[in-house]
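Take a look at the structure set out below.
A note on names: the letters A, B, ... follow the listed sequences, proteins ahead of strands, and every chain is numbered from 1. The basis for the numbers below is simple: all heavy atoms, side chains too, and nothing from hydrogens, waters or symmetry mates.
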Protein chains: 2
Amino acid sequence: MPKAPDASSGPVSAELIEKAAVQLFGERTYPLVGMRDISNAVGILPGSLYVHIRRKEDILLRIVENGIQRYLDAIEPVVESSAPAPDRLRGAIVAYMRVLADTLPQTRVAFHQWTYLSPDMQERVIVLRRRYEGLFTRVLREGIANGEFRPTAHLRIAVLAILGMLNAATEWFAPDGGLSAQQVGDLLADSALKGLEQR
Amino acid sequence: MPKAPDASSGPVSAELIEKAAVQLFGERTYPLVGMRDISNAVGILPGSLYVHIRRKEDILLRIVENGIQRYLDAIEPVVESSAPAPDRLRGAIVAYMRVLADTLPQTRVAFHQWTYLSPDMQERVIVLRRRYEGLFTRVLREGIANGEFRPTAHLRIAVLAILGMLNAATEWFAPDGGLSAQQVGDLLADSALKGLEQR
DNA sequence: CCTACCGATCGGTAGG
DNA sequence: CCTACCGATCGGTAGG
């Protein structure tokens, strides 16, 4: 028996550390989770973490970056397809909810705790967030240009309203609640689309 | 000259400490703000803070509780009026945006940082949040009952979608941006109402 | 991956 | 409201 106070006693790796950190950061947030908490969760001593990682902040950065990346990977193809804008918007929203359901704890960390990164790391995150916002902006803009959506004087607010609705699901979606990601996605797409419909 | 490294050198009080803390918590979040940062902002030495407050946590609790209370005070009368449900919902949303514009930094702390309170203090906050959510639930439920809104199988999701949209404004609303609270409120009310309309 | 440890900083207090 | 200080905990490192 090596020493493992916790963890399923496999080999420790940067990935395993990240997995443990996602849980801990999700429960108590980055500044309240100590390296000692993380080392305990993976079954090694605090100093030994630095065999696998360089700094605490690097753990957070990786969680955040590939947490957002998953959304980009899922939504980008839908937005770039040649379907009608309303279908693409619905598809993007459902894709969003699917990723959310699959990576709920990581999403909570990625969307809310990237502000604990140092300024230069935050800039890398902001680039990703802008691309993410840009995908929804694009569908709306194209839908309006084609006459599929009602024109708005304030496109950005329409986008932020939809993203706000979606991002809030981060806080209330329950994977084992009554509704699946698909169902919630369809409901949210319904309200988003009603607000944009040509009458 | 007393010693004040900062602050406009008035008499220090619990209220002044809270005011300084709202700014600091808003910028760097509760766990990253030390008592030394707060004492510096009000122009006294760290230990002297305890003349005015009992614990760091009490500062946060007061900011959070009366931050939420302002929303209740503004929205409750609108919801309890005898106007048609669509008008009450619009009124509640506009009232929300007005309070948001008036207390933006405090709202950011109140809505996102109450989770740093200890469990028993969190419970007091949860009571307030439930009342807040309840106000919107009530307008929607009554509007559906009266046939003013289209029935939904998932009332709670409709409420959460609207609240999510509103709460997100916490992160993007700019008091000195192009749009007033009233204007943003009306735009958001438009999308919320479109999603609920009887067709 | 462990042993042993470092300087810095934290919230908070005793006693005036 | 200050002086002076406390124990605890923090991220991180040297040297094996």
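Rounded to whole Å, atom P of dG11(D) lies 7 Å from atom CE of Met35(A). dG12(D) atom C1' lies 14 Å from atom CD1 of Ile44(A), rounded to whole Å. Here dG11(D) presents its C1' atom at 12 Å from CD of Glu57(A), a figure rounded to the nearest Å. Rounded to a whole Å, the NZ atom of Lys56(A) is 8 Å from the P atom of dG12(D). To the nearest angstrom, C1' of dC10(C) lies 15 Å from CG of Asn40(B). Put simply, CD1 on Ile17(B) is 14 Å from P on dG11(C), counting in whole angstrom units. In this structure, CG of Leu24(A) is placed 13 Å from P of dC10(D), rounded to the nearest angstrom. As rounded to whole Å, 15 Å separates atom P of dG11(C) from atom CG of Leu45(B).
Judged by closest nucleotide on DNA chain C, His52(A) is the one of Arg36(A) and His52(A) placed further toward the 5' end. DNA chain D is contacted by both Leu32(A) and Arg54(A); Leu32(A) maps to the nucleotide lying nearer its 5′ end (nearest heavy atom per residue).
For Tyr96(A) and Phe136(A), the ring centers sit 6.0 Å or farther from each other.
For the OP1/OP2 pair of dG12(C) and a distance below 4.0 Å, the side-chain nitrogens and oxygens of Tyr50(B) include at least one atom meeting the criterion.
The partner of dG12(D), taking Watson-Crick or G-U wobble pairs whose two distances both stay under 3.5 Å, is dC5(C).
Between Arg28(A) and Asp37(A) a salt bridge is recorded (basic side-chain N to carboxylate O distance below 4.0 Å). With salt bridges taken as basic N to acidic carboxylate O contacts below 4.0 Å, one links Arg55(B) and Asp58(B).
Relative orientation of the Tyr132(B) and Phe111(B) rings is tilted, given thresholds of 30° and 60° on the angle between their planes.
Contact annotation for Arg55(A): backbone-only contact, meaning every heavy-atom pair under 4.0 Å involves sugar-phosphate atoms and none involves a base.
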